[in-house]
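See below for the structure under consideration.
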Amino acid sequence: MKQLSLVFSLLFFLSVNAQDSDLKPLVDQLKTEIQSEKDNAKKLFLLDSLTSVVRDKSSFPYDSIARTTIDLAIKLDSFNIAAYNTTNLINYHNNFLGKPKTGIAIFNTYFKTLKNNISARNLAGLYIDSGDSYYFTKQVDSAMSHYDKAITYAEKANDNRVKGFAILYKGYAYSDEGKFALASQTLKQASEIFTQEKDTFNIIAAKNSLAILYSANGFIEEAQKERKETIKLATETKSYGQLISLYVNEANDLKKQGLEIQRIENLHKAMVVCKKSNHFNYFNPILLNALTIAYAENDSLEKAKFYLKEVEKDQQNTEGIHKARYYKAIKKLAFAEKDYEKAETLGIEHLNIVSTSNDIKGKRKAQKFLSEVYEKLNKPNEALSFYKASKKIEDSIQSVQKTKALAYYQTLYETAKRDKKIEEQNSEIALLDEQNKRKKQTLWFSILSLIALFSIIVLWRSRRFSQKKAQLQKTFAQDLIRNVETERKRISSELHDSVGQSLLLIKNKVLLNDTQNQDTKIIDDTIDEVRHISQSLHPFQFEKLGLLASIKNTVENFQKNSDIFYSEVIEIEQLEISKDKEIFVFRMLQECLNNVEKHSKAKACNIMVENLNDSVLFQIKDNGIGFDVSENSQIIDSLGLKTLKERAQIIGAQLSIDSVKGKGTTIQIKVPKR
């Protein structure tokens, strides 16, 4: 369903197409102006205009033009222009060239540069299209993660419509994965969002997807009802691209019911609408292949061959995103012509194509087709093997549990409507009886008001006492930690300035007064030990070096004395946090590094400092053995993480610990700017 439903997402991003030949003069003019323009800002404006003109036009080098635009935009710090064009370029490779791996490569190339410099709205767009790239390459977990991030940034941007797109695409993915209950929930949520936004186009998209979902699970009546309403809405709004998809899906339902004449009629309806569409070149091969298959399955071989020839007039109709449909059509025609050896070859090729995508149902049908071919070829073992494979997938995606789950959500939907009707009836009865109950209600209201007031007073006093007690405990803990830090600083200073200096004087006196070359190793070791203790208690150079330099110095010291490879990435030159917080941050980082050294068994550890909008992020990440806090909460105390939390509370920092067994640990400390 995802590929079919993508018709809607493609239409959303596309501008109105014109014939490529009509655009050539405009494209040539823009290229000439770009080549002669010396001002980079004006050149960027012209390039951005050119990408809008040639986008998704196969006869123009859109890819290279878009990359040139992105690179220049980044050079001029026009990051949002770069992000917009990056999103469009990923979408182009996903949905027009059928090369989602290239889409992932584009995302990885530009995202690190863009992520901290663009709006939340553009971040959401990047995550949506990169999520599609991951989904089409069967990396479903990564795809879902990107869709979730898109939802988060859409909420930050207060862009409900973009949030709706991300939720809609999650619904498509759930449906293709056979998670029908989740798909139903998610698609309904998307439909509600688009209804709130009065976005008719995407209301149609979500409702059509629900109709497909109902149909796939045997709810033909519900699917027809949903689709009938959607066809009416799409007809009223002249949304021809969506009408095409609706008619094609209706044809698929009619095929399931054995109504082949009506099936073919709906495909022809779609073809009529396609000629009115501004996206004829995209939809035409889809419909031609569908008609080829329909006529081949109904023994109208001459008509099937006619439509196949129409497909093969343009090589682009048989490649990229249309390749799977084309091979499905030619294998069906070969089977109808009883050329079973050719059908076998084409069937295997078609199975290989759909197996590289997430089209689980397409894979099942391809396996079933091969089982039928091998029956005709009198190869029972092969026929049985492919039949079992197709049956296994069918049992998986149409299991009783999942069907019942979808039925449950459908029941909830119907129950909600029934309850609403009952509620309206009860309201009418209540209005008729209102005068008789008024006095009683007033009395009860007064009693309840007094009880509520008394409860509020008691709760307020109790809460105030709890808050005061908690504040006293917090203040005590903070004062205790500050006093410990002050005492450490005093002892460190005395060790360094007093004991350390005295030992140094003793060493010099021994060397001066003794004519022989004396071994002063014991004194040297003692001096080093004093310095080490002093440095551990309080870094005496901290006030001079500052936090950033002290972090770098600490990383170097750990690197010199450890088998673990320590590295640091500090992308800022000056901190925007108050001085009194810096020593607490330094202590927290020291504790983290000590834990890495003692417990992690890591090969490498990285310390990163990054400037965020309203805070500074300190991150320690290792590739060690990790741990599972949920399994053993005592590990919090054993690693000294409780102290980390106390220090974080003192300076108002946000502490997060992410650890997975066997995959290392990441600790993040977000310190608010002053």
Side-chain angles (χ1 to χ4, degrees), residues 13-15 23 26-57 59-97 99-134 146 149-150 153-154 156-157 159 162 548 567-576 608-614 616-617:
F13 288 108
L14 289 175
S15 58
L23 292 175
L26 176 59
V27 172
D28 290 340
Q29 179 186 344
L30 284 170
K31 284 183 176 179
T32 301
E33 292 180 18
I34 290 167
Q35 289 172 356
S36 60
E37 183 58 61
K38 303 299 182 185
D39 186 302
N40 278 338
K42 294 180 180 178
K43 182 179 287 189
L44 177 60
F45 174 79
L46 292 169
L47 277 167
D48 192 39
S49 301
L50 180 59
T51 57
S52 299
V53 172
V54 303
R55 183 182 168 197
D56 309 324
K57 308 296 189 302
S59 58
F60 298 106
Y62 169 68
D63 182 282
S64 60
I65 294 171
R67 289 177 191 266
T68 302
T69 305
I70 295 166
D71 291 337
L72 181 59
I74 291 173
K75 181 180 178 181
L76 298 178
D77 293 342
S78 296
F79 296 109
N80 281 303
I81 293 177
Y84 175 76
N85 281 280
T86 302
T87 300
N88 289 342
L89 185 57
I90 295 171
N91 181 277
Y92 172 73
H93 281 278
N94 286 345
N95 300 313
F96 284 85
L97 298 185
K99 297 179 178 179
K101 288 183 180 179
T102 306
I104 294 173
I106 294 168
F107 176 79
N108 291 333
T109 298
Y110 293 111
F111 184 71
K112 187 174 181 181
T113 303
L114 297 174
K115 64 178 180 179
N116 293 323
N117 299 295
I118 60 176
S119 66
R121 165 63 181 80
N122 279 328
L123 269 170
L126 276 171
Y127 276 120
I128 286 175
D129 281 281
S130 59
D132 281 347
S133 297
Y134 281 113
H146 277 233
K149 289 176 182 176
Y153 283 106
K156 286 184 179 179
D159 196 322
V162 173
L548 293 178
S567 61
E568 46 86 6
V569 178
I570 300 178
E571 299 178 347
I572 55 178
E573 297 179 0
Q574 187 173 358
L575 287 171
E576 297 182 52
M608 182 187 73
V609 183
E610 184 179 2
N611 207 359
L612 304 180
N613 290 336
D614 55 356
V616 179
L617 173 65

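Because the structure is a prediction, the values reported are computed rather than measured. When a residue number appears, it is its place in the shown sequence, counting from 1.
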query: Tell me, do D63 and H93 make a side-chain contact under 4.5 Å, heavy atoms counted?
result: yes
- line: Residues A154 and A124: closest non-hydrogen pair is N-CB, 3.9 Å
task: Could you walk me through whether I81 and L76 pass side chain to side chain contact (heavy atoms under 4.5 Å, CB included), step by step?
output: CA-CA 10 Å; I81 293 177; L76 298 178; over 6 Å; no
- line: By salt bridge (Lys or Arg N to Asp or Glu O under 4.0 Å), E576 pairs with (sequence neighbours left out) K673
task: Calculate, to the nearest 0.5 Å, the distance between atoms CD and CD1 belonging to E573 and I570 respectively.
output: 11.5 Å
- prompt: At their closest point, which heavy atom of I90 faces which heavy atom of G103, and how far apart are they?
  reply: CG1-O, 3.7 Å
field: Test log, rule side chain to side chain contact (heavy atoms under 4.5 Å, CB included), inputs T51 and Y62
entry: CA-CA 7 Å; T51 57; Y62 169 68; 4.2 Å; yes
statement: With sequence neighbours left out, the residues meeting side chain to side chain contact (heavy atoms under 4.5 Å, CB included) with N108 are I104, Y134
- line: On a heavy-atom basis, the closest approach of I572 and L575 is CD1-CD2, 3.7 Å
message: What's the separation between atom OG1 in T69 and atom CG in L50, rounded to the nearest 0.5 Å?
response: 7.0 Å
query: Which value, rounded to the nearest 0.5 Å, describes the distance between Y92 atom OH and L97 atom CG?
result: 4.0 Å
Taking only distance into account, with no hydrogens and no angle test, what donor-acceptor pairs under 3.5 Å do side-chain atoms of residues 110-117 form with protein atoms, sequence neighbours excluded?
from: Y110; atom 1: OH; to: D71; atom 2: OD1; distance (Å): 3.2
from: N116; atom 1: ND2; to: E610; atom 2: OE2; distance (Å): 2.8
from: N117; atom 1: ND2; to: T113; atom 2: O; distance (Å): 2.8

- prompt: With sequence neighbours left out, what residues match S567 under side chain to side chain contact (heavy atoms under 4.5 Å, CB included)?
  reply: F565, N606
message: Using 0.5 Å steps for rounding, measure from the CG atom of L89 to the CD1 atom of I65.
response: 11.0 Å
Just list the side-chain donor-acceptor pairs under 3.5 Å for residues 42-49, sequence neighbours left out, or say none.
from: D48; atom 1: OD1; to: N85; atom 2: ND2; distance (Å): 3.1
from: S49; atom 1: OG; to: F45; atom 2: O; distance (Å): 3.0

field: Residue among I106, T87, N88 satisfying side chain to side chain contact (heavy atoms under 4.5 Å, CB included) with D129
entry: T87
- request: Using a 4.5 Å cut-off on heavy atoms from C-beta on, say whether the side chain of N122 contacts that of L126.
  value: no
- request: Indicate yes or no: at least one non-hydrogen side-chain atom of V609 is less than 4.5 angstrom from one of L617.
  value: no
- request: Apply side chain to side chain donor-acceptor pair (under 3.5 Å) to E37 and list each qualifying residue two or more places apart in sequence or on a separate chain.
  value: none
message: Distance check, rounded to the nearest 0.5 Å: N80 atom CG versus L123 atom CG?
response: 9.0 Å
- prompt: So, do N91 and R55 sit near enough that their side-chain heavy atoms are less than 4.5 Å apart?
  reply: yes
statement: When every non-hydrogen atom of G131 is compared with those of H146, the smallest separation belongs to CA-CB, 3.7 Å
statement: Correct closest heavy-atom pair for N94 and S133 would be OD1-OG, 2.8 Å
